[in-house]
Amino acid sequence: MSKFDFAPMPTAEGYFGEYGGQIIPPELKAIMDDIDRAYEEIRQQPEFQQELDSLFHDYVGRPSPVYHARRLSDKLGGAQIYLKREDLNHTGAHKINHCLGEALLAKFMGKTKVIAETGAGQHGVALATACALVGIPCEIHMGQVDIEKEHPNVTKMKILGCKLVPVTRGTATLKDAVDSAFEEYLKDPQNYIYAIGSVVGPHPFPKMVRDFQSIIGNEAREQFLSKFGKLPDYVTACVGGGSNAIGTFTAFLNDENVNIVGVEPAGKGLDTKDHSATLTKGKPGEIHGMKCYVLEDENGEPMPVHSIASGLDYPGVGPQHSYLKDQGRVDYQSVSDQECLDAFMTLSRVEGIIPALESSHAVAWAMRTAPTLDKDTTILVNLSGRGDKDADYVAEKLGL
Ligand SMILES: *Cc1c(COP(=O)(O)O)cnc(C)c1O
């Protein structure tokens, strides 16, 4: 037997080693256990599987291609870089994979409303899209400060017909939006369902979101094998909460010869307070109903974090990533805002692909590493999303 066996995770109680679980009041635990039972049953139903499969194929446009970035690889003069093109999905990123799964689960469970929070609005737009398609009402809570910053996403959510609830309490940002959305959810958990935006929160969310996203790695592994007759030597993805990364990594966890690298935002530097490298600089703690690595301030409160990519600035991280770090199965590295910007511009100008700033972190790690490897070595990068949303910001920042 292989020395790796990471497949059957988490435990029935939602633990990945010591991480995960349900750090929530007993009433809420009963609700989460109901969702888990329904999920385990519904995911086995052929009607559910067929509907999700056909939406992935005909609506999202799956499978997304694996593309050999030849010009980028030649320019760097080392390993060959391949991109898993999640940026080509409908709505432009990987988030649609789990949002469709969650919206469809809500429909199969007979729920009447989907509730969620959103920070920069990416999760909100993907969820509003999935809910419009599935035909289920959707309510999104968003901090007033974020609403003012993220105009295009706010407009899209309105067009897609979701109810947008501005949150003005506290700092009027993501954390307050989570609290507000959760309060609304707890008013009627029988009829509503909460749709979390990454592999975080209490069990069963880290598992469910991982399962819906694991199509990325399942496809990529098969595509790579059938094209080249071998697996990639390295597989990499950026890590915020960790959904695109775990979705990419899951299929490869038991392949001992595949090196897996998660890339966190080092922001303005790991020695400053302006980063969001939770696994690199944090320690085990609790946040949002789970145990995981957390970045904390001197008072043990979650630290205000920073990344040039708003989708990566979260002071916690998925419990499975926390476990994979301790096990040494995944190597977690980090990339600064500056390296991210360089990768954003290089991929745009050498390959004609404008990547999301989040995804640019994984590209930057591949660009840093490729020159140290020989030409037969292969690096598979998950390109989690496209950079249209970041184009104006980058152009202004670089004075283009
Ligand atoms: C939201 C987002 C991320 C970060 O979320 P994960 O859960 O860590 O994947 C990464 N890339 C893009 C394009 C995103 O929109």
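Ligands are counted one by one from 1 in listed order, and the atoms in each one are counted from 1 as well.
Protein heavy atom closest to atom 14 (C) of ligand 1, with residue, atom name and distance, is Lys95 NZ, 2.8 Å. When hydrogens are left out, the protein atom nearest atom 10 (C) of ligand 1 is Glu358 CB, 3.5 Å; that is the closest non-hydrogen contact. Nearest protein neighbour of atom 5 (O) of ligand 1, counting heavy atoms only, is Gly311 O, 4.0 Å. Of all protein heavy atoms, the one closest to atom 11 (N) of ligand 1 is Ser384 OG, 2.8 Å.
Both cation-pi conditions hold for Lys325 and Tyr293: the charged atom is under 6.0 angstrom from the six-membered ring centre and inside a 45 degree cone around its axis.
Residue Gly385 has at least one heavy-atom neighbour below 4.0 Å for each of these atoms of ligand 1: 13 (C). Shown in contact with Cys238 at under 4.0 Å from a heavy atom are these atoms of ligand 1, numbered in order with element: 10 (C). Close approach to Ser243 involves these atoms of ligand 1, each under 4.0 Å from a residue heavy atom: 6 (P), 7 (O), 8 (O), 9 (O).
The shell of residues lying under 4.0 angstrom from ligand 1, judged by heavy atoms, includes His94.
In this structure, Phe48 and Phe108 have perpendicular ring planes: the angle between them is above 60°, well past the 30° mark. Using the six-membered ring where Trp is involved, Phe182 and Tyr194 have ring planes that are tilted, between 30° and 60° apart.
Counting heavy-atom neighbours within 6.0 Å of Asp297 CG, excluding the residue itself, gives a total above 12. Crowding of Lys113 atom NZ: a count of heavy atoms from other residues, nucleotides or ligands under 6.0 Å exceeding 12.
If you check each of Ala356, Ser198, Pro355 against atom 7 (O) of ligand 1, the one with the closest non-hydrogen atom is Ser198.
For ligand 1, the polar-atom distance check finds an N/O of Gly240 within less than 3.5 Å of one of the ligand's N/O atoms. For ligand 1, the polar-atom distance check finds an N/O of Asn244 within less than 3.5 Å of one of the ligand's N/O atoms. Polar contact check, Ala245 against ligand 1: no nitrogen or oxygen pair lies under 3.5 Å apart. The N/O atoms of Ser359, backbone and side chain alike, include none that comes under 3.5 Å of an N/O atom in ligand 1. In terms of polar-atom proximity, Gly241 is counted as a contact of ligand 1, with an N or O under 3.5 Å from an N or O of the ligand.
Interatomic distance, Leu52 CG to Tyr59 OH, rounded to the nearest 0.5 Å: 13.0 Å.
Between Glu102 and Lys107 there is no salt bridge, since no side-chain N of the basic residue sits under 4.0 Å from a carboxylate O of the acidic one.
Here Phe228 and Tyr82 bring their ring centres to under 6.0 angstrom of each other.
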Could you give me the CA-CA distance, side-chain angles and deciding distance for Tyr332 and His321, then say whether ring pair (Phe, Tyr, Trp, His ring centres under 6.0 Å) is met?
CA-CA 9 Å; Tyr332 292 92; His321 286 290; 5.7 Å; yes

